[in-house]
Participant: 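This is the structure I want to talk about, given as structure tokens.
The sequence lines fix the lettering, A, B, ..., with proteins before strands; numbering per chain opens at 1.
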2 protein chains.
Amino acid sequence: MSLYNLNRLRHFVEVVESGSFTAAAKKLGLGKAIVSHQVAKLEEELGAGLLVRTTRSVQMTEAGQRFYENAAEILAQAERAVQELQQEQEIPSGLLTVTAPEDYGQCVVARALMRLRVKYPKIRVNAVFTDEKLDQLKEKIDVSIRVGWLEDSSAIARKIGSFQQYTVASPQYVEAMGPITTPMDLQDKDWIYHCKLPAGILWQSAEGEEVQFVLQNPPITVWNTLTSHACALGHGGLCLLPSFQIREDLASGRLQRVLPGWHHKEGGIYALFPNSRFRPAKTKVFVEELIKAHKEVRDVF
Amino acid sequence: MSLYNLNRLRHFVEVVESGSFTAAAKKLGLGKAIVSHQVAKLEEELGAGLLVRTTRSVQMTEAGQRFYENAAEILAQAERAVQELQQEQEIPSGLLTVTAPEDYGQCVVARALMRLRVKYPKIRVNAVFTDEKLDQLKEKIDVSIRVGWLEDSSAIARKIGSFQQYTVASPQYVEAMGPITTPMDLQDKDWIYHCKLPAGILWQSAEGEEVQFVLQNPPITVWNTLTSHACALGHGGLCLLPSFQIREDLASGRLQRVLPGWHHKEGGIYALFPNSRFRPAKTKVFVEELIKAHKEVRDVF
DNA sequence: TTGATTGTCTCTATTTTTCATACAGTATGT
DNA sequence: ACATACTGTATGAAAAATAGAGACAATCAA
């Protein structure tokens, strides 16, 4: 097909509407030579005369008349298409699909999403809180939240924040254990073990001391942190849980930290995006909201 | 506005429909590098990601999905506009406005136009037979027929054919005149003078002899050849008339040539077109038809 | 692992677009 | 009739966009 340059169309339409090449050129901010040349080229492409020029005036041919209407319509439609797109770019809207691990999803992401809905009602939310790893493309996921430590991934990541891990237990269980002074005292206690995490537990004191031991035959094995949490609340024993998950339990006293002088490895929260050159507005505003929500639950104790 | 290249749109749409850059490039007959580059440029222009690429597959973003529909529509419309135009270019149609002098119009052009209508029913005809000179642009005249000798004009001319001028009179008048042997014998006869033509009459013999005289106080002055014709038929006197006008009269004997051994200056029939780079089909076929019609009336005697 | 396929990148050649200037024809006002 | 102002066009150089060939990294299937 011959027609491919919308600017030519624009020039032609402008000439028709202005009634003169010079006026059109002025309006378009171009030299009149260009407009003349472009319209001539358009005619050549189309193999038909559109305008009849004399040195003093411009008139449309019959073909030009008919083509003008089409041309104007095409331009209008093109403009509409672009505007529609850019409006979407500015006003966050559309379906936002977010995945996150179950625990972090429930504790933080859900709140961020609900606030987002209040701010931007045109965003529809699809929250997939699961510990499974989904196909970002197939499920059309806009943002994947990863908690912990990133493996390599082709996707682009943005750090949302960090979290601490705390060794906690219910007050009852702590009392039953009796006094504890060093991590090694905990080695043979009742650990609630999250099987997807490494069995080795690393302790770091404020002074830089390091102690590590590996859980041998933990009496309770669970498959996700929500279960760990439930077991700990049920006085099942010791449990390593992320700070964001136990914020309220620590505040209310339903759980308490064991050996608060010792810390575990800090983890990160990351947002992963599909590998696209541009990030839609809905994604941007969600990430901002998530960062805000995360700050509220960070490092409670 | 940013969007201006329809080829980009075409590439994008093709990628979406093929589901792959490589397939799209193949279909478009281009290198995949170009397609990739063009689509990237389109995204840049729009400030929005349209496609999410991985090394193995291409997926549309939400924005891309929506834009795709608009893009496809725009392309379809552009194609339609071009086709419509080019079809018009091939199948003669539309309003054909023709001007011609009254006499030639009635004698030749009308016939050509009527034949044209039979051949190409989609042509509508606007026949303006008048001796006035009209504004070609203002009246949207596609073809102006000029009879005689061209003055300068910015319009483009095409010669349709030529015609002779004959000095004629009715048989009665010729008989009344008595025997005539040389042009000078006619100088003081009753001339029917067409005031828009020069008063000087030039005679050329077959042997190359030239005689010229100027009409002094012609007894009958008329303003157009149709009147001349009528006066001649009414035995008013001698009259210089174009061949196409008196073809039938000569055949039927109602008029007859005077001094057929002497000739007058040959005239031409010209078609003038508006100064347009391209000539619509309707114009082309009309000119052909007119040439054919003219041949039939040319140089009867 | 290899081999095939994907999309992208780089470099170069070609085409297109733009600009500034000069030009020719025509209407207008004196 | 004349100059003036205005029209659209032609020309040639500079800038930009487009096209093509080959190499590259990433992925999937065997």
Participant: Just by modelled atom types, is the B:Leu50 backbone N or O under 3.5 Å from a matching donor or acceptor in the B:Glu43 side chain?
Facilitator: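 Indeed, once roles are kept as given, a pair shorter than 3.5 Å links the two residues.
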Participant: Under 3.5 Å, is there a donor on one side chain and an acceptor on the other for A:Tyr4 and A:Glu45?
Facilitator: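 Distance-only check fails for A:Tyr4 and A:Glu45.
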Participant: Treating A:Gln77 as the side-chain partner and B:Asn70 as the backbone partner, does any N or O pair qualify as donor plus acceptor under 3.5 Å?
Facilitator: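 Not a single qualifying donor-acceptor pair exists.
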Participant: How long is the line joining NZ of B:Lys32 and P of D:dG22, in whole Å?
Facilitator: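 Taking atom P of D:dG22 as the reference, NZ of B:Lys32 is at 13 Å.
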Participant: What integer distance in Å separates B:Tyr4:OH from C:dT18:C1'?
Facilitator: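 Between C1' of C:dT18 and OH of B:Tyr4: 12 Å.
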Participant: To the nearest angstrom, how far is A:Leu42 atom CG from C:dT17 atom C1'?
Facilitator: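 Rounded to whole Å, this separation is 15 Å.
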Participant: Taking only N and O in the side chain of A:Arg8, is any of them less than 4.0 Å away from OP1 or OP2 of C:dT17?
Facilitator: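 Checking A:Arg8 against C:dT17: at least one side-chain N or O falls below 4.0 Å of OP1 or OP2.
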Participant: Using a strict cut-off of less than 4.0 Å between a Lys/Arg side-chain nitrogen and an Asp/Glu carboxylate oxygen, indicate whether B:Glu62 and A:Lys282 qualify as a salt bridge.
Facilitator: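 Looking at A:Lys282 together with B:Glu62, the answer is yes, because their closest N to O distance falls below 4.0 Å.
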Participant: Quick one: is A:Gln38 getting a side-chain N or O under 4.0 Å of the C:dT16 phosphate, OP1 or OP2?
Facilitator: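 False: A:Gln38 side-chain N/O out of range (4.0 Å or more) of C:dT16 OP1/OP2.
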Participant: Looking only at side-chain N and O atoms, does A:Thr22 come under 4.0 Å of OP1 or OP2 in D:dC6?
Facilitator: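 For D:dC6, OP1/OP2 do not have a side-chain N/O of A:Thr22 under 4.0 Å.
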Participant: Write down the distance between CG (B:Asn5) and C1' (D:dA19), rounded to a whole number of angstrom.
Facilitator: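 Distance check: B:Asn5 CG to D:dA19 C1' gives 13 Å.
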Participant: Within this structure, what is the NE2-to-C1' distance between A:His37 and D:dT11, rounded to whole angstrom?
Facilitator: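 So the NE2-C1' distance, A:His37 to D:dT11, works out to 10 Å.
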Participant: Report the residue from B:Tyr104, B:Phe163, B:Tyr270 that forms a ring pair (Phe, Tyr, Trp, His ring centres under 6.0 Å) with B:His294.
Facilitator: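 Exactly one pass, corresponding to B:Tyr104.
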Participant: To the nearest Å, give me how far apart CD1 (A:Ile34) and C1' (D:dA16) are.
Facilitator: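 The answer, rounded to whole Å, is 13 Å.
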Participant: Of the options D:dA19, D:dT9, C:dC9, whose atoms approach the side-chain atoms of B:His11 most closely?
Facilitator: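 Taking heavy atoms from C-beta onward, the closest nucleotide is D:dA19.
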Participant: Among C:dC19, D:dG8, D:dA17, which nucleotide sits nearest the side chain of A:Leu30?
Facilitator: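 The nucleotide sitting nearest to the side chain is C:dC19.
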Participant: Can a donor-acceptor pair be found, under 3.5 Å and without considering hydrogens, that links the side chain of A:Ser93 to the backbone of A:Ile123?
Facilitator: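 Not at all, since once roles are kept as given, no pair shorter than 3.5 Å links the two residues.
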Participant: Taking only N/O atoms, report every protein-nucleotides 11-14 of chain C pair under 3.5 Å with atom names and distance.
Facilitator:
none

Participant: For C:dT6 and B:Arg53 - does any side-chain N or O of the residue sit under 4.0 Å from the phosphate oxygens OP1/OP2?
Facilitator: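 It does not, given that no N or O in the side chain of B:Arg53 lies less than 4.0 Å from OP1 or OP2 of C:dT6.
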Participant: Got a donor-acceptor contact below 3.5 angstrom from the A:Asp103 side chain to the A:Thr225 backbone?
Facilitator: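 A pair under 3.5 Å: no.
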Participant: Please check the phosphate of C:dG7 (OP1 and OP2 only) for any side-chain N or O of B:Ser36 closer than 4.0 Å.
Facilitator: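 Negative; the distance criterion is not met.
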Participant: Would you mind reading off the distance between B:Leu9 atom CG and D:dT18 atom P, rounded to a whole angstrom?
Facilitator: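 Result: 12 Å.
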Participant: Heavy atoms under 4.0 Å, any strand shown: does A:Val35 hit a base, just sugar-phosphate, or nothing?
Facilitator: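 If one applies the 4.0 Å heavy-atom cut-off, A:Val35 turns out to touch nothing in the nucleic acid.
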Participant: Between atom CG in B:Asn7 and atom P in C:dT15, what is the gap in whole Å?
Facilitator: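 Going from B:Asn7 (CG) to C:dT15 (P), I get 16 Å.
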